[in-house]
Amino acid sequence: MASTIFNECSIYTTNARILPLTKFQLRQSVHFYLNPKRPCRNPRQTAFLTTTTVAMTSDTSAKVIDGKLVSKQIRDEITSEISKMKEAIGLVPGLAVVLVGDRKDSATYVRNKKKACEAVGITSYESHLPEDCTEEEVLKCISDYNKDPSVHGILVQLPLPHHMNEEKILNAVKIDKDVDGFHPLNIGRLAMRGREPLFVPCTPKGCIELLHRYSISIKGKRAVVIGRSNIVGMPAALLLQREDATVSIIHSRTENPGEITKEADIIIAAVGQPNMVRGSWIKPGAVIIDVGINAVDDPKSPRGYRLVGDVCYEEACKIASAITPVPGGVGPMTIAMLLSNTLTSAKRSWQN
């Protein structure tokens, strides 16, 4: 039964395209653009991605969708835009992170985000509160960042301690600083035709950006999203639908998940089960975006374990036409999209 192999989980806590805002002109002929239909990039970079960057090995047929390379190109684009913006109008984007407790994994995520901010020129702010702090203290911290004009994005690191109301705390972030894209108004706008969210959740946004950067067509394709979490699965399905794909969602109560998945031209796996999607689930020529990152025992590894995705890579790469590796696929894109959303928020604040 499907219920014995599913464990839907929130794999990432952080927004597919860079969304710089409408066009505006600054002094000294410095221009910034926002085209909500296409990220900023130049034709040479796109040509490089669609030709040279496709890694292949002798025993596989699938193209490797290189998230590390794409995320580096996006960060370079963001760095350039921030530099020009700072020189032209003196505006520097700011990202604030609220961390509660002493979880080592959360502290590592926050540290990586701070490093990424520094690398592209975003000012990083951090509030680290003790595990036993009150919900009111967290809300006060968020309120202060909401009022601070130098802060353009606020990120609450999840998970929060059990005694706190996660929904209440996330909803306290102003929608125009919700760079994680989790505010119900942002999700609601994402779900509605003719409406545009201010921000899109980072990981699903990164999934769609990878497809675009590798010129993989979505319109009219059959897509399957495995997992229905609020952070990845649900918004990924909404994004695919916005791209005119026909979308099915596989979850823990789905009967015959393998048969449904095998009809897909595009598969986004985000369920948190190592190697769950086998070769028999995959239609020849399908494109696979593997969001999962799972540790499995490996006595040959110096660490005693290795990281694998939700898709059995060894089987899938012989059937699919393109696939993201784990690690090095979707993971690097998540922080890149967070930086992109923060830049977008800074531009929007300047225009308003």
Side-chain angles (χ1 to χ4, degrees), residues 13-15 19-22 24 26 32 34 78 81-82 85-86 88-101 106-107 109-118 120-161 163-190 195-202 205 230-231 335 337-352:
T13 58
T14 54
N15 272 296
L19 300 176
L21 287 176
T22 54
F24 63 94
L26 304 174
F32 296 93
L34 173 61
I78 292 171
E81 286 205 53
I82 290 175
M85 187 165 63
K86 182 178 180 180
I89 59 173
L91 178 62
V92 178
L95 175 65
V97 179
V98 178
L99 175 63
V100 183
S106 292
Y109 294 147
V110 170
R111 187 165 56 250
N112 290 340
K113 290 165 188 172
K114 290 179 67 175
K115 288 180 180 178
C117 285
E118 293 170 2
V120 301
I122 293 175
T123 301
S124 180
Y125 304 87
E126 179 185 347
S127 291
H128 189 177
L129 303 174
E131 179 86 16
D132 59 354
C133 73
T134 65
E135 193 172 274
E136 288 68 29
E137 289 176 291
V138 179
L139 292 172
K140 173 64 166 57
C141 181
I142 293 173
S143 177
D144 291 343
Y145 284 137
N146 280 338
K147 298 172 185 175
D148 189 342
S150 64
V151 173
H152 303 99
I154 302 170
L155 184 152
V156 179
Q157 183 65 46
L158 302 179
L160 291 166
H163 66 280
M164 294 187 179
N165 185 328
E166 181 179 296
E167 180 181 358
K168 181 180 179 181
I169 289 173
L170 292 179
N171 289 353
V173 177
K174 285 180 63 177
I175 187 173
D176 58 354
K177 296 189 178 186
D178 173 40
V179 290
D180 253 347
F182 295 153
H183 194 285
L185 288 179
N186 274 322
I187 294 296
R189 289 175 179 177
L190 181 64
R195 305 291 178 87
E196 292 295 330
L198 294 181
F199 306 101
V200 174
C202 299
K205 182 179 178 183
N230 289 337
I231 292 174
I335 291 182
M337 295 298 99
L338 175 65
L339 302 176
S340 166
N341 281 355
T342 304
L343 173 59
T344 295
S345 182
K347 291 179 179 180
R348 188 180 285 124
S349 73
W350 186 86
Q351 287 186 312
N352 294 337

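Everything numeric here is computed off the predicted structure, so don't read it as measured data.
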Working to the nearest 0.5 angstrom, can you tell me the gap between [X] [atom1] and [Y] [atom2]?
{"X": "Phe199", "Y": "Leu190", "atom1": "CZ", "atom2": "CG", "result": "13.5 Å"}
{"X": "Ser127", "Y": "Lys140", "atom1": "OG", "atom2": "NZ", "result": "10.0 Å"}
{"X": "Leu185", "Y": "Asp178", "atom1": "CG", "atom2": "CG", "result": "9.5 Å"}
{"X": "Leu343", "Y": "Arg348", "atom1": "CG", "atom2": "CZ", "result": "10.5 Å"}
{"X": "Ser124", "Y": "Glu118", "atom1": "OG", "atom2": "CD", "result": "6.5 Å"}
{"X": "Tyr109", "Y": "Ile335", "atom1": "OH", "atom2": "CD1", "result": "9.5 Å"}

Ignoring hydrogens and angles, tell me if any N or O in the side chain of [X] forms a donor-acceptor pair with the backbone of [Y] under 3.5 Å.
{"X": "Ser345", "Y": "Asp176", "answer": "yes"}
{"X": "Lys86", "Y": "Val92", "answer": "no"}
{"X": "Thr342", "Y": "Leu338", "answer": "yes"}
{"X": "Asn186", "Y": "Leu198", "answer": "yes"}
{"X": "His163", "Y": "Cys133", "answer": "yes"}

Please give me the minimum heavy-atom distance between [X] and [Y], naming the atom from each residue.
{"X": "Ser106", "Y": "Gln157", "result": "CB-CG, 3.8 Å"}
{"X": "His152", "Y": "Ser349", "result": "CD2-OG, 3.2 Å"}
{"X": "His128", "Y": "Gly101", "result": "NE2-O, 2.6 Å"}
{"X": "Asn146", "Y": "Lys177", "result": "O-NZ, 3.0 Å"}
{"X": "Ala107", "Y": "Leu99", "result": "CA-CD2, 4.2 Å"}
{"X": "Pro201", "Y": "Ile231", "result": "CB-O, 4.0 Å"}

- Write out all pairs satisfying salt bridge (Lys or Arg N to Asp or Glu O under 4.0 Å) with one or both partners inside residues 125-134, taking only residues at least two apart or from two chains. Lys114-Glu126
- Task: Kindly indicate, with the supporting measurements, whether the criterion side chain to side chain contact (heavy atoms under 4.5 Å, CB included) is fulfilled by Cys117 and Leu339.
- Result: CA-CA 7 Å; Cys117 285; Leu339 302 176; 3.9 Å; yes
- Apply the test side chain to side chain contact (heavy atoms under 4.5 Å, CB included) to residues Val98 and Tyr145: give CA-CA distance (whole Å), side-chain angles for both, the deciding distance (0.1 Å), then the verdict. CA-CA 10 Å; Val98 178; Tyr145 284 137; 4.0 Å; yes
Could you pull out all donor-acceptor pairs under 3.5 Å where a side-chain atom in residues 168-175 meets a protein atom, sequence neighbours excluded?
from   : atom 1 : to     : atom 2 : distance (Å)
Lys168 : NZ     : Glu135 : OE2    : 3.4
Asn171 : ND2    : Glu167 : O      : 3.4

